[in-house]
Structures are given as structure tokens and as C-alpha cells.
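See structure below.
The chain is numbered in sequence order, starting from 1.
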Amino acid sequence: MPTVSVGRDRLFAALGRTYTQEEFEALCFEFGIELDDVTTEKAIIRKEKHLDEDGDVDGNDEVIYKIEVAANRYDLLCLEGLARALSVFTGTEASPVFRVSSIPHGSILQMHVKQQTSQIRPYVVCAVLRGVTFDEARYNSFIDLQDKLHQNICRKRTLVAIGTHDLDTLRGPFSYEALPPQEINFVPLKQEESFRADKLMEFYKSDMKLKKFLHIIENSPVYPVIYDSNRTVLSLPPIINGAHSAITLATRNVFIECTATDLTKANIVLNTMVTMFSEYCENKFEVEPVEVVYQDGRKIVYPDLSCYKMEVPLSGILGPIGISLDENQVVCLLKKMQLQAQSHSLKGEPCISVSVPPTRSDILHACDLAEDVAIAYGFNNVPKSKPKCMTIGGKQPLNRFSDKIRAEVARAGYMEVLTFILSSHEENFDMLNRTDDKSKAVIIANPRTSEFEVVRTSLMSCLLKTLKHNIDHPRPIKIFEVGDVVTLDSSRDVGASNNRRLAALYCNKVSGFEEIMGLVDSIVKVARAQHVKFGDKYYVPTDEPEFFPKRQCKIVTSDGKQVGYLGIVHAEVLRKFGIPDPCTFVEMDIEALL
């Protein structure tokens with residue numbers, strides 16, 4: 001959950017009254033947020049620098065409230081939005097109405113999008129805040145909101161990147177392009193010399209803040225870049241803005257651009273930025289639009305600050321909460337949460353019509369309205385009641401059957417192990433003498449370590465690896481695991497499917513093939529479901545590369561379906577895992593026995 005740091009005195013000034021800490025904690029609880037910590041600027045600096053409480057640091061003793069808010073409430077990520085929401089909730093302020101200023105068609109600023117941007121970040125949305133008055137606190141809040149959005153909905157700038165500029169230093173119309181890095185030159189923010197884009201990437205690899213964003217575009221043949229009509233670079237998204245258009249406390253007109261791979265999230269981010277800080281504009285809560293022009297002729301005006309309508313039956317709101325209210329009471333509660341609402345009748349049933357403002361992108365369904373009504377009503381005021389029906393949870397059939405399998409194998413003298421479902425590509429294929437045909441294994445796109453590159457397609461490598469790390473134990477070593485493997489499956493909506501398997505490994509001075517066969521016989525006779533039939537001969541010769549030839553077989557049912565395989569592990573496989581003694585291995589599909 002995001003934590004927002006705000007100055008207590010500034011917050012109370014925006015709320016129009018002061019609170020004791022206990023009173024403010026109670027207000028936060030009622031609103032569904034939490035006062036997480038109370039500190040000072042000096043204490044924060046000491047903590048960051050790992051200094052003692054007596055250590056001398058710069059900063060003031062202003063009391064800082066750290067407030068934990070819901071992850072989907074982007075409008076609460078800055079003091080402006082937090083103070084506005086609490087003021088509306090307490091009834092001291094009405095919900096603002098946001099407007100897009102009316103600009104003559106020939107005078108509206110334009111952003112021209114080149115076709116090449118589709119290769120890397122295809123979308124851009126823009127807006128202008130006119131007549132903004134910044135002071136140091138407002139400026140810091142403006143920058144901090146961008147950082148919070150970048151970490152949250154923007155997913156560390158991979159989905160959306162925000163650029164803010166002093167419009168008075170630029171000249172429209174603007175151009176959003178994608179060019180080879182060798183053709184882009186500009187002076188980046190907080191620098192004095194000009195850099196070529198590819199050299200800039202090398203320069204920022206030593207920057208603790210910016211180096212974590214370089215991977216987003218550094219391997220692309222083209223980099224996104226925004227120019228004004230004088231070919232002045234505004235930004236190289238999602239990395240850095242240009243120094244030429246940097247915002248200062250003297251900035252009066254702010255140009256905001258958001259480049260993105262997700263247009264929906266770009267609109268949410270832009271709307272959040274302009275609705276939070278349009279209260280400092282000369283015309284309060286008014287935003288100047290920008291027209292985005294695509295090469296295919298499309299012209300779209302941003303931002304879209306219109307409210308969207310939701311029609312919800314009264315029972316759909318009150319039913320999940322378990323309270324009884326009339327339509328007018330529900331309307332009043334919704335208004336406390338910045339949602340304008342009206343009651344009417346639809347087919348003889350009471351219905352609520354709700355106007356959702358651009359600040360409340362978290363409202364997607366009737367259950368979201370029910371949650372807001374519950375918050376405004378007060379969770380502590382909801383009467384306690386017993387459920388109309390009593391239910392008792394139980395295990396899934398597969399899990400219950402897995403436990404029976406575990407018990408049966410444990411009674412045979414095997415010790416259970418639990419291993420990671422992720423494995424290295426080498427262990428899953430090469431070390432088992434298998435080849436990767438690219439049709440089975442689920443590959444991890446950005447593994448943190450070489451040991452977790454693929455999702456395992458067999459339990460064999462996991463048990464052999466466990467044996468390797470416990471090779472000094474007295475013989476025989478008898479271990480087993482019941483766990484999932486994952487394979488690609490185009491018939492599933494997620495593109496892959498889980499399969500529950502049993503695997504057992506026997507290691508001794510001799511192979512112990514008969515030991516593993518005895519275990520399989522026990523499972524076939526005792527643990528299988530009644531409808532799963534096995535004939536007199538359920539061992540069929542096979543030829544798998546991880547086993548010795550003619551020392552292996554597959555396990556089949558009477559109708560010919562394979563449910564497992566076993567064999568003496570090949571000496572080459574044992575050598576790769578560093579195991580000196582012979583081993584016999586079995587793996588069975590538990591779901592086929594269920």
C-alpha cells in the first residue's frame with residue numbers, strides 16, 4: 001500500500017481546522033486510510049543516513065504525517081487530493097467540478113505523432129495548466145506526485161512516463177517521434193553539456209535513480225523523443241526531460257505529456273495530474289486541452305474530464321453491506337465520497353444514478369459503490385448478524401488425494417522433500433539429456449537469477465539436486481516429492497496448465513530398480529481411484545534419454561493411457577549432478593489416478 005508523506009500543518013491548513021493526533025487517526029480510520037507514522041524531516045534524513053538521534057543534519061522540525069492509502073486511489077497520493085477528499089468527506093467542502101477550457105479550433109496546441117513511435121511507445125496524451133502559482137511546498141508536492149504515480153500505476157515507467165515542462169520556454173506545435181539514438185542530441189535535466197542519446201544511456205548507468213529505467217528502451221533500434229517546433233527536445237521518455245524546459249518556482253504555464261504503452265492508464269495518469277493541481281490555476285479547476293494528431297488522420301483532444309454514468313439498483317449497493325437505507329440517504333453517503341448521485345425508479349425498483357468524476361478511476365463496478373457507501377456509513381455502524389447458512393470449508397479432491405499418496409509413500413520408508421517450482425534451463429533439459437523443443441516449458445521473461453529461468457516440466461531435476469546436496473547421508477537414500485509441474489497449453493486462457501505429479505528417487509550402492517517397482521505396485525493397487533483400471537502388464541518398455549536403455553519403462557492403464565515412467569538414471573545424468581552412486585527414479589501423474 002502506498003504511503004504519502006504530508007506536512008501536518010499544511011494539511012490542517014488545507015482542511016480548515018486542527019486535530020489532535022487521536023482525532024486525526026479517528027478521521028483516517030473513518031475514511032478508510034491509516035496514519036502510519038508521525039515523524040519530522042530531520043528524523044527522516046537521520047534514518048536515511050543511518051545517523052544517531054543526536055546527529056546534526058539539515059532540515060526542519062516540521063511534523064510529517066505518513067498516511068497509508070489504498071493502492072488504487074491515485075487521487076490520494078498527494079496532499080492536494082488527500083485534503084480535498086477529507087474536506088468533502090467531513091462536509092466542509094463541496095466536490096469540485098473540473099472543466100476543459102474552451103479554445104478556438106485554430107488556437108489549440110497540437111502534438112503530432114509520427115508512425116515510428118508504434119515500434120516502442122505508441123501513445124501520448126497531453127494537457128496544459130495555465131496561470132499556475134507555485135511555491136516551494138506546492139512544487140515539491142507536484143514532483144512527488146509524479147514519482148508516486150511512476151512507482152504505482154505507471155509500473156516504474158514501463159506503462160506510462162510523465163513529462164512536465166515550462167510552456168513559456170517552448171513553441172508549439174509539438175512532435176512525438178521515434179528516432180535512432182545517434183540522431184538525438186540534447187542537454188538533459190540537471191546537466192550542462194549536450195549528450196547524444198546512446199551516450200546518455202551509458203552516462204546514466206552509474207546514476208542510482210535513473211539506471212533502473214534504462215532497460216525499457218536501451219535495446220530498441222529507435223528511442224522516443226518529443227520536440228517543439230524549434231526542434232528543442234522536451235524529453236526522452238521514459239528516461240529524462242530536457243534542461244531547456246525545466247519547471248521552476250517561477251513557472252506559470254505547465255505543459256504535461258504522458259507517453260505510454262497503455263492508453264487507458266495514460267489517461268488516468270494525465271487526469272490525476274491535472275485534477276490535483278488545477279486548483280492552483282488562475283481559473284480554478286480549469287485545464288487547457290491539447291489536440292493529438294496521428295499520421296492516419298485521427299485527431300483526439302485530451303484530457304477527457306467528463307464524468308461517466310453508472311446506473312445501479314439500490315439493492316445492488318445495500319445488499320453486500322447488509323444495511324437498510326432509503327435512496328436519499330445513499331445519495332448523501334455517495335456525495336461524501338465525491339460521487340454525485342441521484343435517485344430514480346427503474347421498472348418499479350429504486351435505482352441510483354451515479355456520476356463518477358475523473359479523479360475516481362477506481363470506481364469500476366457496483367461493488368465499488370457499495371464499498372464507498374459502507375465507508376461513508378461507517379463500518380463500525382454496520383449491525384452484526386449471523387450468516388443465513390453455515391458452511392464448512394474442505395480440501396479440494398486433488399489435495400485430499402495428494403495427501404493420501406504422501407501417506408502411502410511415507411509408509412514405504414521414503415522421506416518427503418519440498419523444492420522450488422522454478423528451475424534453471426540447464427537443469428530442466430541439458431543435465432537430464434533432454435532437448436528443449438520450445439513447446440513445453442514456460443520461460444521466465446526476466447529471471448532474477450540463473451537458477452530460476454523456467455517453470456519445471458518434471459520433478460526429476462529437483463530430486464537429483466536435493467540428493468546432490470545430501471550426498472553424505474547414509475545409504476540407502478529414499479526421497480519423494482508430490483508437487484506441480486507446468487507445461488504450455490494453448491487451450492487454457494493463461495496459456496499454460498499445472499499438473500500434479502509424484503516423484504520418488506532411490507539411491508544406494510546398487511540401483512534398487514525392484515524397490516521403485518514395488519512402490520509403484522503399491523500405489524497402483526492401493527491409492528488409485530476405483531474407475532482407473534490397470535491390466536496384468538502395466539509396464540511397457542520405453543526409450544527416454546535420462547535413463548539407461550532397456551532399464552526403463554512407462555506405466556500405462558488398461559486403455560493404454562500413460563500415467564508415469566520409471567528407470568535407472570543414466571550415468572551421464574548422474575555425473576552432471578555430481579552423484580557417484582546408481583539411482584532409480586519414478587514419476588507418476590497423480591491427476592490420472594484420481
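- For the residue pair T251/D166, the side-chain donor-acceptor check at 3.5 Å is satisfied.
- Between V274 and F285, every side-chain heavy-atom pair lies at or beyond the 4.5 Å cut-off.
- Under the 4.0 Å criterion applied to side-chain N and carboxylate O atoms, E202 and K199 are not assigned as salt-bridge partners.
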Would you give me the side-chain donor-acceptor pairs under 3.5 Å for residues 106-113, sequence neighbours excluded?
unit_1 : atom_1 : unit_2 : atom_2 : d
Q110   : OE1    : H112   : NE2    : 3.2
Q110   : NE2    : E291   : OE1    : 2.7

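- Between the OG atom of S245 and the CG atom of D168 there is a distance of 11.5 Å, given to the nearest 0.5 Å.
- Checked against side-chain hydrogen bond (donor to acceptor under 3.5 Å, both in side chains), S175 has the following partners two or more places apart in sequence or in another chain: E177.
- Using modelled atom types and a 3.5 Å distance limit, the side chains of E80 and S141 yield a donor-acceptor pair.
- For the residue pair Q329 and Y377, no side-chain donor N or O sits within less than 3.5 Å of a side-chain acceptor on the partner.
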Exercise for review: Check step by step if side chain to side chain contact (heavy atoms under 4.5 Å, CB included) holds for L167 and V254.
Suggested key: CA-CA 5 Å; L167 184 59; V254 179; over 6 Å; no

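- Side-chain atoms of N185 and F195, non-hydrogen and from C-beta on, never get closer than 4.5 Å to each other.
- The environment of R448 atom CZ is sparse: at most 12 non-hydrogen atoms of other residues, nucleotides or ligands sit within 6.0 angstrom.
- With sequence neighbours excluded, the residues that form a ring-ring contact (aromatic ring centres under 6.0 Å, His included) with F89 are F31.
- What you find for I64 and S5 is that their closest heavy atoms are CG2-CB, 3.9 Å.
- Residues P320 and G316 share a closest heavy-atom pair of CD-O, 3.4 Å.
- Closest heavy-atom contact between V222 and I120: O-CD1, 3.4 Å.
- Minimum interatomic distance between I240 and Y204 (heavy atoms only, all atoms of both residues): CG1-OH, 3.8 Å.
- From R252, atom CZ reaches atom CZ of F134 across 10.5 Å, with rounding to the nearest 0.5 Å.
- Applying the side-chain hydrogen bond (donor to acceptor under 3.5 Å, both in side chains) rule to S278 yields no partners; only residues at least two apart in sequence or on another chain are considered.
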Please tabulate, for side-chain N and O atoms in residues 349-370, each donor-acceptor pair with protein atoms closer than 3.5 Å (sequence neighbours left out).
unit_1 : atom_1 : unit_2 : atom_2 : d
E349   : OE2    : S315   : OG     : 3.2
S353   : OG     : E311   : OE2    : 3.1
S355   : OG     : K309   : NZ     : 2.5
R360   : NE     : D362   : OD1    : 2.9
R360   : NH1    : M337   : O      : 2.9
R360   : NH1    : D372   : OD2    : 3.0
R360   : NH2    : D362   : OD2    : 2.8
R360   : NH2    : D372   : OD2    : 2.9
H365   : ND1    : C367   : N      : 3.1
D368   : OD2    : L364   : N      : 2.8
D368   : OD2    : H365   : N      : 2.9

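- Rounding to the nearest 0.5 angstrom, the gap separating the OG1 atom in T133 from the CZ atom in R138 is 6.5 Å.
- With a 4.5 Å cut-off on side-chain heavy atoms, T259 and P224 do not count as touching.
- Note that CG of N72 and CD1 of I153 are 10.0 Å apart. Values are rounded to the nearest 0.5 Å.
- In this structure the side chain of R130 never reaches within 4.5 angstrom of the side chain of N283, judged on heavy atoms.
- When all heavy atoms are compared, the tightest approach of V125 to A266 is CG2-O, 3.7 Å.
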Show me, pair by pair, the donor-acceptor contacts under 3.5 angstrom made by side chains of residues 154-161, not counting sequence neighbours?
unit_1 : atom_1 : unit_2 : atom_2 : d
R155   : NH1    : N152   : O      : 2.6
R157   : NH1    : P238   : O      : 2.9
R157   : NH1    : I239   : O      : 3.0
T158   : OG1    : R155   : O      : 2.6

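- V132 places none of its side-chain heavy atoms less than 4.5 Å from the side chain of N253.
- Remark: F452 CZ is packed, more than 12 non-hydrogen atoms of other residues, nucleotides or ligands lying under 6.0 Å away.
- For S194, there are no side-chain hydrogen bond (donor to acceptor under 3.5 Å, both in side chains) partners two or more places apart in sequence or in a different chain.
- Applying the 6.0 Å contact sphere to CD of Q115 captures no more than 12 heavy atoms from other residues, nucleotides or ligands.
- Judged purely by distance below 3.5 Å, without hydrogens or angles, the side chains of T40 and E62 never pair a donor atom with an acceptor atom.
- Listed for the S229 side chain is a donor-acceptor partner under 3.5 Å among the backbone atoms of R171.
- In this structure, D135 has no side-chain hydrogen bond (donor to acceptor under 3.5 Å, both in side chains) partners at least two apart in sequence or on a different chain.
- In this structure F255 satisfies the ring-ring contact (aromatic ring centres under 6.0 Å, His included) test together with F174, sequence neighbours excluded.
- Taking the charged nitrogens against the carboxylate oxygens, R17 and E23 do have a contact shorter than 4.0 Å, which makes a salt bridge.
- Look at D207 and K209 and you find no salt bridge, because none of the NZ, NE, NH1 or NH2 atoms lies under 4.0 Å from a carboxylate O.
- Checked by atom type and distance alone, the side chain of H244 pairs as donor or acceptor with a backbone atom of T169 at under 3.5 Å.
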Practice item. Would you sort out whether Y65 and F24 count as a ring pair (Phe, Tyr, Trp, His ring centres under 6.0 Å), showing the intermediate values? Key: CA-CA 10 Å; Y65 278 176; F24 188 72; 5.1 Å; yes

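- Contacts of Y19 classified as ring-ring contact (aromatic ring centres under 6.0 Å, His included), with partners at least two apart in sequence or in another chain: F12.
- You'll find the side chain of M276 stays beyond 4.5 Å of the side chain of M273, heavy atoms only.
- Under the salt bridge (charged side-chain N to carboxylate O under 4.0 Å, His left out) criterion, E34 pairs with no residue at all, not counting sequence neighbours.
- Using a 4.5 Å heavy-atom cutoff, the side chains of L422 and V455 are in contact.
- Judged purely by atom type and a 3.5 angstrom limit, D144 has no side-chain atom pairing as donor or acceptor with the backbone of N140.
- Side-chain contact check for F186 versus L234: every heavy-atom pair is 4.5 Å or farther apart.
- Here F277 contributes atom CZ and C78 contributes atom SG; the two are 4.5 Å apart, rounded to the nearest 0.5 Å.
- A salt bridge (charged side-chain N to carboxylate O under 4.0 Å, His left out) check over residues 260-286, counting only residues at least two apart or in different chains, returns the pairs R84-E279, R99-E286, D262-K265.
- Note that the OG1 atom of T3 and the CD atom of E68 stand 5.0 Å from one another [nearest 0.5 Å].
- No hydrogens or angles considered: a donor-acceptor pair under 3.5 Å links the side chains of S306 and D304.
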